[in-house]
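What you see is a predicted model; the values in this text were computed from it and never measured. Sequence lines set the chain letters: A, B, ... in the order given, protein chains first and strands last, and positions in each chain run from 1.
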2 protein chains.
Amino acid sequence: MDVDNALSALNNPMRRRILEWLKDRSNFPPALPEHAGLEGVCVAYIQEKAKLSQSTISTYMGLLKRAGFVIAERHGQWTFYRRNEENIQTFLAAMQDELLKP
Amino acid sequence: MDVDNALSALNNPMRRRILEWLKDRSNFPPALPEHAGLEGVCVAYIQEKAKLSQSTISTYMGLLKRAGFVIAERHGQWTFYRRNEENIQTFLAAMQDELLKP
DNA sequence: TGATAAAATCGAGATATCTCGATATATGGA
DNA sequence: TCCATATATCGAGATATCTCGATTTTATCA
């Protein structure tokens, strides 16, 4: 968990918004029947909600992934992104330490 | 507490380092006799430790102040900066909410 | 008043981020 | 194999951040 990298990833309102949306799968259209049971949301759904270009969203998800905030899983031609709750906790703890620990 | 503004201020390793240094007054040279009893650290001491230019440090402290992380108090020709612990807590709580609250 | 000292502000060049459209890559289906 | 679809990557222009030296502002002191 590189705090510097993580803060860069979070230093963008839309990327933070995406992380919030991913808290709840029902913020997005229902999964296709063939994806039932799979965790995460595909890039196209995120893009549709964010109203930014496909390439921008792909870049954003890559940043969030490299920072550790999301997990990417490929299923066929789709990539499903979901939150990495463990790393998010780790980041918050690191921030708390850095900002508060004596 | 504007999370966007706060994250921008924190998105710089030296500014975070300064916030850490300010946790403990003894990270800096002792205060001048005429400043005994005053809280905070003057810009020159921070600059000396950070080894960046005076203007850069002044700008940085201004950013940290606008973000709410430090309090500036002028005494004569000196400006003393100290942490705003209450706002730091508020920011951490806001981050926790934004990242974790369902 | 003039000199000095601390801090803030200004202007600018270098570097990074943002966001896009275009293109490349990977996969599944006809 | 060829095509369609989803995603990733590339290249670039616009904008923001970084950091500096120079200047200005504010305050003290002789």
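At a non-hydrogen distance threshold of 4.0 Å, B/C42, B/V43, B/A44 from residues 27-51 of chain B come into contact with DNA chain C.
For the pair A/L63 CG and D/dT9 P, the computed distance is 11 Å after rounding to whole Å. Atom CD1 of B/I57 is separated from atom C1' of D/dT17 by 15 Å (rounded to the nearest Å). Put simply, CD1 on A/I18 is 12 Å from P on C/dC18, counting in whole angstrom units. For the pair B/L7 CG and C/dC18 C1', the interatomic distance rounds to 17 Å; values are reported in whole Å. Atom-to-atom, CZ of A/R17 to P of C/dC18 comes out at 15 Å; the value is rounded to the nearest Å. Rounding to whole angstrom units, CD of residue A/E73 and P of D/dA8 are separated by 13 Å.
Using a 4.0 Å heavy-atom cutoff across all strands shown, A/T79 reaches sugar-phosphate atoms only and no base atom. Residue contacts for B/F80: at a heavy-atom cut-off of 4.0 Å it reaches no nucleic acid atom on any strand shown.
For A/R25 and A/E39, the salt-bridge test fails: no basic side-chain N is under 4.0 Å from an acidic carboxylate O. Using a cutoff of 4.0 Å between basic side-chain nitrogens and carboxylate oxygens, B/E20 and B/K23 are scored as salt-bridged. A salt bridge between A/E73 and A/R82 is present, with a side-chain N of the basic residue lying under 4.0 Å from a carboxylate O of the acidic one.
Closest of all the heavy-atom pairs between B/A6 and B/A67 is CA-CB, 4.0 Å. When every heavy atom of B/Q47 is checked against every heavy atom of B/I57, the shortest pair comes out as CA-CG1, 3.7 Å.
Taking 4.0 angstrom as the limit, A/N11 places none of its side-chain polar atoms (N or O) nearer than this to OP1 or OP2 of C/dT17. The side chain of B/S55 contributes no N or O atom lying less than 4.0 Å from OP1 or OP2 of D/dC20. OP1 or OP2 of D/dA8 has at least one side-chain nitrogen or oxygen of A/Y81 nearer than 4.0 Å.
Remark: the B/S53 side chain and the B/T56 side chain contain an N/O donor-acceptor pair separated by less than 3.5 Å.
Between B/M61 and A/L52, the residue anchored closer to the 5' end of DNA chain C is B/M61, taking for each the nucleotide with the nearest heavy atom.
Donor-acceptor pairing under 3.5 Å, judged by distance alone, is absent between the side chain of B/S53 and the base of D/dG21.
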B/S/- contact track for nucleotides 23-30 of chain C, protein heavy atom under 4.0 Å = ----BS--

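Within a 6.0 Å radius of CD in A/E86, no more than 12 heavy atoms belonging to other residues, nucleotides or ligands are found.
Among B/F80, B/Y45, B/F28, the one residue that satisfies the ring pair (Phe, Tyr, Trp, His ring centres under 6.0 Å) test with B/H35 is B/F80.
Distance alone, capped at 3.5 Å, places no donor-acceptor pair between the A/R17 side chain and the A/L19 backbone.
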